[in-house]
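Taking it in order: structure first as structure tokens, then the write-up.
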Amino acid sequence: MKASPPQTEAELWMRATAIAQQSLGDLAAAVSMTVPNDFRREKGFIGQLLERVLGATAGNLSKPDFTHLGIELKTLPLNANGQPKESTYVSIVPLMGREPLSWQHCELYQKLRRVLWIPYFFDKTVEPRYWRLSDPVLWSPTAEEEAILREDWYELMSRVQMGRLDQINARLGQYLQIRPKAMNADVRTQGIGSNGECVRTSPRGFYLRTSFTARIIF
DNA sequence: GCGTGATCATGG
DNA sequence: CCATGATCACGC
């Protein structure tokens with residue numbers, strides 16, 4: 001079982017509020033899934049569970065999850081204090097693009113324009129099926145937030161295009177950061193070298209810092 | 001191999 | 001202690 005795609009943002013929001021505070025076990029049962037006891041081998045489970053529960057459509061395409069609504073779905077683990085406990089992956093970093101940088105047209109911005117956040121309480125003292133959702137948040141960046149995201153993105157993407165991959169680490173960026181995104185550290189893809197040539201390098205992703213997602217949900 | 005969904009695990 | 005760097009599963 002799997003929910004049909006919501007036709008409107010209002011319908012999606014109704015569904016999201018209707019499942020607030022529910023346990024992962026109950027949600028999973030409703031879509032014929034079983035919550036693993038250990039996420040070490042199923043890290044994406046909660047995201048995939050909520051996709052089914054809410055009727056997301058994009059699959060593994062590089063599009064917002066609710067493509068027709070332009071809305072991205074993000075689950076967000078909270079610690080016991082209600083603070084985000086992990087950074088949030090947004091999208092792959094395009095390492096070979098040489099087009100002029102355009103924030104308005106980049107994949108990252110397309111996904112962050114409107115996000116349905118589904119926070120939940122991550123609690124290692126009980127089995128994940130007992131974890132409960134918190135209240136959903138339907139969010140778009142404020143002008144101030146967008147300005148900083150855009151600055152971060154330009155700073156990071158400039159280094160990518162200038163062939164300065166060696167100068168990129170997770171410490172750069174106020175709200176946004178670039179970190180490895182691969183099965184393991186041996187995975188290689190193509191990137192731009194310091195003389196503009198193609199080099200072998202590790203795939204990377206854009207992530208939102210927990211300090212930023214904390215702002216969003218409060 | 002790439003992009004989707006993320007959390008794990010250890011070094012500073 | 002916790003952010004950074006590393007890792008896991010799946011569809012195609």
Side-chain angles (χ1 to χ4, degrees), chain A residues 2-3 5 24 27-28 31 33-67 71-97 106-108 110-112 115-129 131 133 152 156 160 165-191 198-215:
Chain A
K2 174 181 190 303
L24 299 188
L27 290 168
V31 291
M33 294 175 85
T34 304
V35 183
N37 286 329
D38 185 343
F39 285 159
R40 274 181 296 186
R41 292 193 171 276
E42 295 180 63
K43 294 176 180 177
F45 177 82
I46 297 184
Q48 287 151 5
L49 170 62
L50 269 297
E51 285 180 353
R52 288 183 68 141
V53 167
L54 294 172
T57 51
N60 72 332
L61 302 177
S62 296
K63 300 271 186 177
D65 297 285
F66 300 95
T67 309
I71 299 176
E72 176 75 7
L73 173 65
K74 285 291 169 204
T75 59
L76 184 65
L78 307 177
N79 63 24
N81 299 323
Q83 297 286 131
K85 82 171 283 288
E86 293 285 352
S87 55
T88 301
Y89 169 72
V90 182
S91 61
I92 206 74
V93 177
L95 295 176
M96 282 300 286
C106 78
E107 190 179 296
L108 182 85
Q110 296 309 317
K111 290 191 173 185
L112 291 182
V115 180
L116 176 63
W117 296 93
I118 306 287
Y120 64 92
F121 292 98
F122 187 106
D123 179 1
K124 267 301 161 74
T125 67
V126 298
E127 292 175 355
R129 65 174 178 272
W131 298 356
L133 302 188
D152 285 347
L156 293 164
V160 169
L165 292 171
D166 54 335
Q167 293 178 357
I168 293 177
N169 59 42
R171 295 168 187 79
L172 286 172
Q174 187 175 338
Y175 291 166
L176 203 59
Q177 63 183 172
I178 284 181
R179 304 223 304 278
K181 177 68 166 126
M183 192 62 158
N184 60 58
D186 296 330
V187 175
R188 286 294 179 273
T189 188
Q190 284 198 322
C198 288
V199 296
R200 304 262 290 163
T201 188
S202 50
R204 296 135 205 250
F206 284 115
Y207 294 77
L208 298 175
R209 296 183 183 279
T210 54
S211 53
F212 181 58
T213 52
R215 292 177 46 123

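In this text, all values refer to a predicted model and were calculated from it rather than measured experimentally. Residue numbering restarts at 1 for every chain, and letters A, B, ... go by the order of the sequence lines. Scope of the values below: all heavy atoms of this structure, side chains included, with no hydrogens, waters or symmetry mates.
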May I ask you to say what A/G47 touches in the nucleic acid, namely base, sugar-phosphate or nothing, with a heavy-atom cut-off under 4.0 Å?
sugar-phosphate
Between A/Q177 and A/A182, the residue closer to the 5' end of DNA chain C by nearest nucleotide is A/Q177
Scan A/L61 against the nucleic acid and name what it touches under 4.0 Å (heavy atoms): base, sugar-phosphate only, or nothing.
sugar-phosphate
Any chance the rings of A/F45 and A/W131 have centres within less than 6.0 Å?
no
Do A/Y207 and B/dA6 have a side chain to base donor-acceptor pair shorter than 3.5 Å?
yes
What's the closest nucleotide to the A/R40 side chain, out of B/dC8, B/dC2, B/dA6?
B/dC8
Between C1' on B/dA6 and NZ on A/K181, what's the gap in Å once rounded to a whole number?
6 Å
Within the 4.0 Å heavy-atom criterion, would you say A/Y89 contacts the bases, only the backbone, or no part of the nucleic acid?
base
Assign A/K63 to base, sugar-phosphate, or nothing according to its heavy-atom contacts below 4.0 angstrom with the strands shown.
nothing
Nearest to the side chain of A/S62, which nucleotide is it out of B/dT4, C/dG5, C/dA6?
B/dT4
Please report the C-alpha distance between A/N169 and A/Q177 in whole Å, then the side-chain angles of each, then the deciding distance to 0.1 Å, and finally whether the side chain to side chain contact (heavy atoms under 4.5 Å, CB included) criterion is met.
CA-CA 8 Å; A/N169 59 42; A/Q177 63 183 172; over 6 Å; no
Could you walk me through whether A/M96 and A/C198 pass the side chain to side chain contact (heavy atoms under 4.5 Å, CB included) test, one step at a time?
CA-CA 8 Å; A/M96 282 300 286; A/C198 288; 3.3 Å; yes
Please work out if A/E107 contacts a base, only the sugar-phosphate, or nothing of the nucleic acid, heavy-atom cut-off 4.0 Å.
sugar-phosphate
For A/F122, answer base if it contacts any base atom (sugar-phosphate contacts may also be present), sugar-phosphate if it contacts only those atoms, and nothing otherwise; contact means non-hydrogen atoms under 4.0 Å.
sugar-phosphate
Whether the side chain of A/R188 engages the backbone of A/A185 through a donor-acceptor N/O pair (distance < 3.5 Å, no angle test) should be reported.
yes
The residue, A/R171 or A/K74, whose nearest nucleotide of DNA chain B is more 5′ is A/K74
Describe the nucleic acid contact of A/T88 in one word from base, sugar-phosphate, nothing, applying a heavy-atom distance below 4.0 Å.
nothing
